[in-house]
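Below is one structure; the comments refer to it alone.
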Amino acid sequence: MFDRIADVLEFKGELQFRVLAYRKASRVLQDLRDDIETIWKEGKLEDIPGIGEGMAKKIDEYLSTGKMTKYEEVTKGIPSSLIDLLNIQSLGPKTLALAYEKLRVKNLEDLKRVIADGSLAKLPRMGDKKVQSISKGIELFVASHERMSLGIALPLAERVIEELKKAVKVGRISTAGSLRRLKETIGDIDILCEGTDTTKIIEKFTQLPVVERVLASGGTKASVIADGGIQVDLRVVEPASYGAALQYFTGNKDHNVKLRGIAKDKGLKINEYGVFKGEKRLGGKDEEDIYKIVGVPIMEPELREDRGEIEAALAGTLPKLVTRSDIEGDFHVHSIYSDGSDSLETLAEKAVSLGYSFIAICDHSKSANYAGGLSETTLLKQIAEIKKVNARFKGEGFRLLAGSEVDIKADGTLDFSDDILKKLDVVIASIHSGFKQRVTERMTTAMKNPYVHIIGHPTGRLISRREGYEVDLGKVMEAAGDTRTALEINGFFDRLDLTDIASRKAKELGITMAIGTDSHNTAHLEFMKFGLAVARRGWLEKKDLLNTRKPEAILKWLKAKKAAS
DNA sequence: GCCGTTTTCGGCCCGACTGTTTTCAGTCG
């Protein structure tokens with residue numbers, strides 16, 4: 001609602017700072033790790049940075065009565081079909097207001113009409129070229145205005161960088177923006193590169209094979225649409241400014257605003273070319289320069305979301321984030337026994353090549369007909385084969401863990417009996433059906449079972465496809481703490497579940513987490529990088545993840561639950 | 001609309017590109 005208010009106020013020409021205040025309020029509420037109702041009941045709304053007296057009153061009114069007077073006042077008489085048009089590139093609030101006032105444009109159809117009949121181009125400060133770029137914006141708007149998942153964007157960005165390196169000589173080159181922060185979804189791909197012959201680099205970039213269409217192209221930057229309809233922005237800077245530009249374009253916006261504010265208080269100015277005192281550039285070649293000069297310890301890109309990382313840096317309490325080299329293995333791997341496509345041996349070989357000391361084979365359980373779930377008999381057969389494979393890999397310091405991804409059925413019971421479960425090294429319990437049926441209760445019951453070690457994909461969301469279960473994550477986390485059950489960070493890029501914010505909350509509650517890639521073939525094992533991205537964005541350290549321990553220590557940890565119950 | 005402790009009023013990050021202008025407004029990130 002706050003976001004919508006911001007949109008409408010902007011459309012109405014309201015003071016920009018007020019608009020920004022609403023946008024910021026919207027963002028901090030979305031970033032909350034605790035339930036807003038809990039904070040509200042404790043009377044601590046105004047403790048949230050960005051929420052002042054005015055916003056708190058509006059939240060209070062909404063939570064008390066279910067309506068918000070300000071929202072109704074602001075949006076009164078403004079059709080939502082009109083405000084939706086602000087998502088069209090090159091069409092901003094000023095132009096839209098003009099079209100609304102002069103030409104009574106109220107929706108996409110109207111807009112298309114005034115473009116076709118030439119009346120939009122005749123308005124003041126409008127012309128054919130402007131209308132043309134709005135037309136292009138409409139095409140993009142209609143085709144896809146959804147963010148793409150990290151799992152799609154990252155390989156595409158890597159491809160663009162490879163092509164660019166082949167086409168022209170460049171210096172340092174990196175992804176920037178939300179992609180460098182490894183956010184779960186990406187709006188557009190930002191690439192930054194270092195070079196002296198900027199004109200040539202820009203020119204070659206716009207001619208790459210992957211480029212479908214050029215949106216804009218200037219002396220230092222260009223925007224194109226690449227295969228698949230995603231926008232790619234390239235920015236070229238000279239070596240002395242590369243670090244400053246990398247810092248600047250990595251963001252996020254609120255992080256940068258805060259850092260610049262700190263710089264400003266010290267009489268310094270940060271822009272994408274460096275840190276300046278008056279006219280004098282104090283640094284900018286490397287990203288570290290910027291933070292160092294401003295007096296804020298540098299932090300990893302994944303943390304730069306203005307979620308308290310600058311404050312933590314200043315207080316010396318930044319987390320030492322878990323890294324890829326800390327990871328000993330993967331907890332969630334499917335094999336050819338259920339709906340995976342590779343054998344136990346092939347999976348083991350790949351895992352060894354990744355430097356792992358274990359992977360847990362967790363195929364589906366018997367009720368999962370859709371995924372070739374294993375019967376008790378087949379599961380026992382699989383356990384026997386795992387033992388054989390382990391004998392082969394013994395000398396390499398690697399072992400398969402025998403596991404199962406056991407369904408929590410719609411009636412709340414588990415798909416295998418305890419007699420079966422206790423034969424396994426590791427048990428993941430997951431919900432695959434009955435998404436709206438007492439999900440929280442079913443999960444907490446499953447956690448009370450001493451043989452259940454991990455809850456798989458705890459919210460069930462599929463990025464941009466499915467909302468997830470009706471689950472009270474707060475209660476699930478409480479139960480995870482009480483029963484000493486781990487929660488999964490599912491690294492399959494469509495899931496990324498738990499999310500970064502939920503993972504951080506779980507960490508704060510002292511809950512251990514386990515990354516599982518939900519692999520269905522050897523290539524999927526690489527999705528560990530996405531699970532790791534979530535963990536790092538959730539401020540997780542080595543100790544917070546079960547994956548960072550050796551198999552013997554893991555088995556000890558897993559068995560301890562049974563011993564304690 | 002938020003925020004601060006040198007301020008409860010007056011700030012609020014900064015610059016590139018485009019197009020319509022002939023000095024700048026609008027949009028974007």
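Side chains included, hydrogens not; waters and symmetry mates left out as well; all remaining heavy atoms used. Throughout, a chain's letter reflects where its sequence line sits, starting with A, and its residues are numbered from 1.
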Check whether any side-chain nitrogen or oxygen of A:Y273 sits under 4.0 Å from OP1 or OP2 of B:dA16, and answer yes or no. yes
Closest to the A:R235 side chain, choosing from B:dA16, B:dC13, B:dT27: B:dA16
Contact class for A:F249 vs. all strands (heavy atom < 4.0 Å): base, sugar-phosphate, or nothing? nothing
A:L268 CG to B:dC14 P: how many Å, rounded? 11 Å
Regarding the side chain of A:K94, the nearest nucleotide among B:dG1, B:dT27, B:dC13 is B:dT27
Would you say the ring centroid of A:F11 lies under 6.0 angstrom from that of A:Y100? yes
Establish, with yes or no, whether the OP1 or OP2 oxygen of B:dG1 is under 4.0 angstrom from a side-chain nitrogen or oxygen of A:R18. yes
Give the C-alpha distance, both sets of side-chain angles, the deciding distance and a yes or no for salt bridge (Lys or Arg N to Asp or Glu O under 4.0 Å) between A:R495 and A:E488. CA-CA 11 Å; A:R495 291 190 178 272; A:E488 180 180 64; over 6 Å; no
At under 4.0 Å between heavy atoms, what does A:L20 touch on the DNA or RNA strands: base, sugar-phosphate, or nothing? nothing
So A:T220, base contact, sugar-phosphate only, or nothing? Heavy-atom distance under 4.0 Å. sugar-phosphate
Donor-acceptor under 3.5 Å (A:R147 side chain, A:T185 main chain): yes
Report which part of the nucleic acid A:D128 touches: base, sugar-phosphate, or nothing (heavy-atom distance under 4.0 Å, all strands). sugar-phosphate
So A:G219, base contact, sugar-phosphate only, or nothing? Heavy-atom distance under 4.0 Å. sugar-phosphate
Sugar-phosphate, base or nothing in reach of A:N256, heavy atoms under 4.0 Å: nothing
For A:K24 and B:dC3, give me the distance from atom NZ to atom P, rounded to whole Å. 7 Å
Atom-pair distance (CG on A:L192; P on B:dA16), nearest Å: 14 Å
So, the side chain of A:K507 versus the backbone of A:W539: is there a donor-acceptor pair under 3.5 Å, distance only? yes
Identify whether any heavy atom of A:Q89 sits under 4.0 Å from a base atom; if not, whether one sits that close to sugar-phosphate; answer base, sugar-phosphate or nothing. sugar-phosphate
Could you tell me whether A:L259 contacts a base, only the sugar-phosphate backbone, or nothing, with contacts defined as non-hydrogen atoms closer than 4.0 Å? nothing
When the distance from CZ of A:F276 to P of B:dG15 is rounded to whole Å, what number comes out? 9 Å
For atom CZ of A:R125 and atom C1' of B:dG19, their distance in whole Å: 8 Å
Between B:dG15 and B:dG10, how far apart are the two P atoms, rounded to whole Å? 25 Å
Taking only the side-chain heavy atoms of A:K129 (C-beta and beyond), determine which of B:dT27, B:dG29, B:dT20 contains the nearest atom. B:dT20
For A:E467, look at atom CD and say whether over 12 heavy atoms of other residues, nucleotides or ligands are found less than 6.0 Å away. no
C1'-based separation of B:dC2 from B:dT8 [nearest Å]: 12 Å
If you measure from the P atom in B:dC13 to the same atom in B:dC17, how many Å do you get, rounded? 22 Å
A:K130 has a side chain; which of B:dG1, B:dC14, B:dG26 sits nearest to it? B:dG26
NA contact type, A:P49, heavy-atom cut-off 4.0 Å: base, sugar-phosphate, or nothing? sugar-phosphate
When you compare B:dT18 with B:dC12, how far apart are their P atoms, in angstrom units rounded to a whole number? 29 Å
Side chain of A:M55 (C-beta onward), nearest among B:dC13, B:dG29, B:dG1: B:dG1
Listed nucleotide nearest any side-chain atom of A:K221, set B:dC13, B:dG1, B:dC17: B:dC17
Quickly work out the A:K266 NZ to B:dT6 P distance and round it to whole Å. 15 Å
Does B:dG10 have a Watson-Crick or wobble mate here (both distances under 3.5 Å), and if so which one? B:dC3
Please state the P separation for the pair B:dA16 and B:dT21 - nearest whole angstrom. 24 Å
Euclidean distance, atom CD1 of residue A:I59 to atom P of B:dC2 [Å, nearest integer]: 9 Å
Regarding the side chain of A:F17, the nearest nucleotide among B:dT20, B:dG15, B:dC12 is B:dC12
Checking all strands, does A:I88 fall into the base, sugar-phosphate, or nothing category for heavy-atom contacts under 4.0 angstrom? sugar-phosphate
Do side-chain atoms of A:S81 reach the backbone of A:K106 as a donor and acceptor pair under 3.5 angstrom? yes
Can you find a heavy atom in the side chain of A:D306 that is under 4.5 Å from one in the side chain of A:V257? no
With a 4.5 Å limit on heavy-atom distance, are the side chains of A:K292 and A:I298 in contact? no
Please report the distance separating the C1' of B:dC9 from the corresponding atom of B:dC14, rounded so that it comes out in whole Å. 24 Å
A:S133 near the nucleic acid: base, sugar-phosphate alone, or nothing, with a heavy-atom cut-off under 4.0 Å? nothing
So what does A:K269 touch, heavy atoms closer than 4.0 Å: a base, only the sugar-phosphate, or nothing? sugar-phosphate
Quick one: A:E10 CD to B:dA25 P, roughly how many Å, whole number? 17 Å
Taking only the C1' atom of each, what is the distance from B:dT5 to B:dG11 in whole angstrom? 16 Å
Output the single nucleotide from B:dG29, B:dA16, B:dC12 whose closest atom is nearest the side chain of A:K264. B:dC12
Using a heavy-atom cut-off of 4.0 Å across all strands, would you classify A:K57 as base, sugar-phosphate, or nothing? nothing
Residue closer to the 5' end of DNA chain B, A:A21 versus A:K258 (nearest nucleotide): A:A21
Would you kindly compare A:P124 and A:G261 by the position of their nearest DNA chain B nucleotide and give the one closer to the 5′ end? A:G261
A:K183 versus A:E305: any side-chain heavy-atom pair under 4.5 Å? yes
